[in-house]
Amino acid sequence: MTRVRFAPSPTGHLHVGGARTAIFNWLFAKHSGGTFIIRVEDTDQARSTAESEVMVLDDLRWLGLLWDEGPDIGGPHAPYRQSERVNRYAEVARELLTRGVVYRCYCTEEELEAKRKEAEVAGRPPHYDLKCWINRRDDDQSPHAMRFHVPDDGDVTIDDLIRGEVTWKRESLGDFILIRSDGHPTYNFSVVVDDHDMQISHVIRAEEHLTNTHRQVLIYRAMEWAIPQFAHVSLILGQDRTKLSKRHGATSVSAYAEAGFLPDAMLNYLTMLGWSAPDGRDVFDRQYAIENFTLDRVNSAPAVFDPQKFEWLNGQYIHAMSAAALRPLVLQSIGIDTPWLEEAIDVVKTSVHLLPQFREVLRFVTEYNTPSIDQAFATSVADDLREHGAPHDADAVKAMNERLKKATGLKGKELFMPLRLAMTGMDHGPELVRAIPLLARASESDPGVLSPLARIEQCIR
RNA sequence: GGCGCAUUCGUCUAGGGGUCCAGGACGCCGCCCUCUCACGGCGGUAACACGGGUUCAAAUCCCGUAUGCGCUACCA
């Protein structure tokens, strides 16, 4: 049974990098019929907040990634918040102490900092100097941290599902802290205890954790616990090829939601950053991604986030949606609620990539800036509209065009451009056979919309 | 500094020794459709970081170099 987890630290909104890690975990779980778990890593008291946890969980839900076990819904291995598991970490640390691989360290941060600097200047690796390992003390009253002693046989090799074999030498590691002097565990410790307790089978996480795996495997070995499979996903970079951050503009999932991106498009785009479909397609739905997602198709090189391609993809999703499905989303995005909205969406949707753009492309309905056009032409149009009424479908528009052709002697661009200008007040927009019926109908149900006849009358001085 | 990971068109990628003078997508350019803007269709532009090996044959395997990134914390 595969069990995977996404383990965010609640220090802000969900980031696109974190979102992709969550997506890969979720896809992997769904593909294998396994369990997807959310675990909140809030051991950093200074940066973690309860509000952030709510935001991150909301962002995950918005993306449509639902979990089987988590801090809000519980599960067989609750609690799923590390701050609520400190007793468990202390318990494991005591066990490790008994086994003689962990010791109390009474060195102060200042002392350690000074030694690190010294080592750096001397060109030595900035590893812990083993002072408290050599002078072992079991004074529980004085403030102390719990430190892990790297054993002589501390070489580690893992078989990463994305990167293949990765090996570290014992010498590349100094003794490291498991429990801070304030009683809270460090990341490398809590992650091992939790992944073991929660029976995680596959640890799929960002590449920044790759070298941490060396420490973690050592802890698994000291506890004689089964070691999970690891898969380290590369980072997402900004256009300048540095790790994506606030400097690059919007980086949180919620910011993209507000900018008018759709959850499905975001899931698709982020999945595409690092994973490729076996048949090479790049527009795919969740079901396809679930059915085809395997780790061996995940690219180990970092990927640059490309807003242009993301926008294009979002457009593909908008174009493929029905006007009825789009209506509530557009409503929410631009706040225009009218009886004619659905028809209007259908007329203009191919010209938008982002939800808020509907406001702009619908302006020809909601506003009218009187253009200056040939008076004789305007009169002909006004006469036709009075005699035949405003066209309500494409055929009626075509019939009107034929009559205007005869009445004015104009054709092609000479006819359509002034007509477009007169009807919409703009020199661009959806095809007239759809725009004019929309205006006709919209003006009947909405007094705020000028009818075709009212428009042409404004053109006549 | 040490250790680790990475390196195919501007970007996302396909590619697992011969089918690759490298395929697809976004972008860009051009053409078509067309009253316009989009949409759509067609075509074009553009890449195996560098240097050594191994091999009859290397984008693909090995070794170096360069560059980028990560870790080297009582951050995660």
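Because only heavy atoms are used, hydrogens play no part in the values below, and waters and symmetry mates are left out as well, while side chains stay in. Here is how names work: the chains are called A, B, and so on, in the same order as the sequence lines, proteins then strands, and each is numbered from 1.
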Quiz item: How far does the P atom of B/A59 sit from the matching atom of B/G53, given to the nearest Å?
Solution: 15 Å

Exercise. Please work out whether the ring planes of A/Phe28 and A/Phe293 are parallel, tilted or perpendicular, with thresholds of 30° and 60°.
Key: perpendicular

Quiz item: Contact class for A/Thr167 vs. all strands (heavy atom < 4.0 Å): base, sugar-phosphate, or nothing?
Solution: sugar-phosphate

Quiz item: Which is true for A/His214 with a 4.0 Å heavy-atom rule: it touches a base, it touches only sugar-phosphate, or it touches nothing?
Solution: nothing

Quiz item: A/Arg116 side chain N/O closer than 4.0 Å to the phosphate oxygens (OP1, OP2) of B/C74?
Solution: yes

Practice problem: Identify which nucleotide among B/G4, B/C71, B/A76 has an atom closest to any side-chain atom of A/Arg215, counting heavy atoms from C-beta outward. | Solution: B/C71

Quiz prompt | A/Leu210, nearest nucleotide to its side chain (from B/G4, B/G24, B/A76) | solution = B/G4

Exercise. Taking atom P in both B/C21 and B/U60, compute the distance separating them and give it to the nearest angstrom.
Key: 14 Å

Quiz item: Which is true for A/Thr43 with a 4.0 Å heavy-atom rule: it touches a base, it touches only sugar-phosphate, or it touches nothing?
Solution: sugar-phosphate

Practice problem: Name the nucleic acid region contacted by A/Arg170, choosing base, sugar-phosphate or nothing; use a 4.0 angstrom heavy-atom cut-off, strictly under. | Solution: nothing

Practice problem: Using a heavy-atom cut-off of under 4.0 Å over every strand shown, decide if A/Thr211 touches base, sugar-phosphate, or nothing. | Solution: base

Quiz item: Hey, which of these two, A/Trp275 or A/Ile179, hits RNA chain B nearer its 5' end, going by closest nucleotide?
Solution: A/Trp275

Exercise. Ignoring backbone atoms, establish whether A/Thr11 has a side-chain N or O less than 4.0 Å from OP1 or OP2 of B/C75.
Key: no

Exercise. Please state the P separation for the pair B/G1 and B/U45 - nearest whole angstrom.
Key: 43 Å

Quiz item: Across all strands, who's sitting opposite B/G43 as a Watson-Crick or G-U wobble pair, both distances under 3.5 Å?
Solution: B/C29

Quiz item: For B/C75, does either OP1 or OP2 sit under 4.0 Å from a side-chain N or O belonging to A/Asn212?
Solution: no

Quiz item: With sugar-phosphate meaning primed atoms plus P, OP1 and OP2, does A/Leu112 contact a base, only sugar-phosphate, or nothing at under 4.0 Å between heavy atoms?
Solution: base

Quiz item: Across the strands shown, which category fits A/Pro302 at heavy-atom distances under 4.0 angstrom: base, sugar-phosphate, nothing?
Solution: sugar-phosphate

Quiz item: Would you say the base of B/C35 and the side-chain of A/Arg420 have a donor-acceptor pair closer than 3.5 Å?
Solution: yes

Practice problem: Assign A/Glu41 to base, sugar-phosphate, or nothing according to its heavy-atom contacts below 4.0 angstrom with the strands shown. | Solution: sugar-phosphate

Quiz item: Is the phosphate of B/U72, meaning OP1 or OP2, less than 4.0 Å from a side-chain N or O of A/Arg124?
Solution: no

Quiz item: Are any of the side-chain nitrogens in A/Arg104 or A/Asp140 under 4.0 Å away from the carboxylate oxygens of its partner?
Solution: yes

Exercise. Could you work out the separation of B/C33 and B/G18 based on their C1' atoms and round it to a whole Å?
Key: 44 Å

Quiz prompt | Complement of B/G51, any strand, by Watson-Crick or G-U distances under 3.5 angstrom | solution = B/C63

Quiz prompt | Touch class at under 4.0 angstrom, heavy-atom based, for A/Leu432 against every strand present | solution = base

Self-check item: Partner nucleotide, any strand, of B/U19 [Watson-Crick/G-U, under 3.5 Å]
Solution: none

Exercise. Looking at every strand, decide which applies to A/Glu431 at a 4.0 Å heavy-atom threshold: base, sugar-phosphate, or nothing.
Key: base

Quiz item: Of the options A/Trp275, A/Trp312, A/Phe305, which is the one that meets A/Tyr269 in a ring-ring contact (aromatic ring centres under 6.0 Å, His included)?
Solution: A/Phe305

Quiz item: So what does A/Gln316 hit on the nucleic acid, given a heavy-atom distance under 4.0 Å: a base, only sugar-phosphate, or nothing?
Solution: sugar-phosphate

Exercise. Under 4.0 Å between any heavy atoms, over every strand shown, what does A/Gly274 touch: base, sugar-phosphate, or nothing? Just pick one.
Key: sugar-phosphate

Quiz prompt | Separation of atom CD in A/Glu207 from atom P in B/A76, rounded to whole Å | solution = 20 Å

Exercise. Report yes if a side-chain nitrogen or oxygen of A/Arg434 is closer than 4.0 Å to either non-bridging phosphate oxygen (OP1 or OP2) of B/A38; otherwise report no.
Key: no

Quiz item: Using the C1' atom in both, what is the distance from B/U13 to B/C48, to the nearest Å?
Solution: 13 Å

Quiz item: What does A/Pro418 touch in the nucleic acid at a heavy-atom separation under 4.0 angstrom: a base, only the sugar-phosphate, or nothing?
Solution: nothing

Practice problem: Measure across A/Leu218 and A/Gly154 and return the closest heavy-atom pair with its distance rounded to 0.1 Å. | Solution: CD1-O, 3.8 Å

Quiz item: If you draw the axis of the six-membered ring of A/Tyr106, does the NZ or CZ of A/Arg137 fall within 45° of it and under 6.0 Å from the ring centre?
Solution: yes

Quiz item: With rounding to whole Å, what would you report as the distance between B/A46 and B/G23 at their C1' atoms?
Solution: 14 Å

Self-check item: For A/Met266 against A/Leu63, the heavy-atom pair lying closest together
Solution: CG-CD2, 3.8 Å

Quiz item: Which whole-number value in Å describes the distance from A/Lys117 NZ to B/U72 P?
Solution: 17 Å

Quiz prompt | Where the chi angle of B/G70 falls, syn if within 90° of 0 and anti if not | solution = anti

Practice problem: Please state how far atom CZ in A/Phe284 lies from atom C1' in B/C12, giving the value in whole angstrom units. | Solution: 11 Å

Quiz prompt | Nucleotide paired to B/C5 in any strand shown, Watson-Crick or G-U, under 3.5 Å | solution = B/G68

Quiz item: Across the strands shown, which category fits A/Arg205 at heavy-atom distances under 4.0 angstrom: base, sugar-phosphate, nothing?
Solution: nothing

Quiz item: Is there a donor N/O on one and an acceptor N/O on the other, under 3.5 Å, for the side chain of A/Ser181 and the base of B/C74?
Solution: yes

Practice problem: For this output row, return yes or no: ring centroids of A/Phe230 and A/His209 closer than 6.0 angstrom. | Solution: no

Quiz prompt | Whole-angstrom distance between B/A47 and B/G24, as gauged at atom P | solution = 14 Å

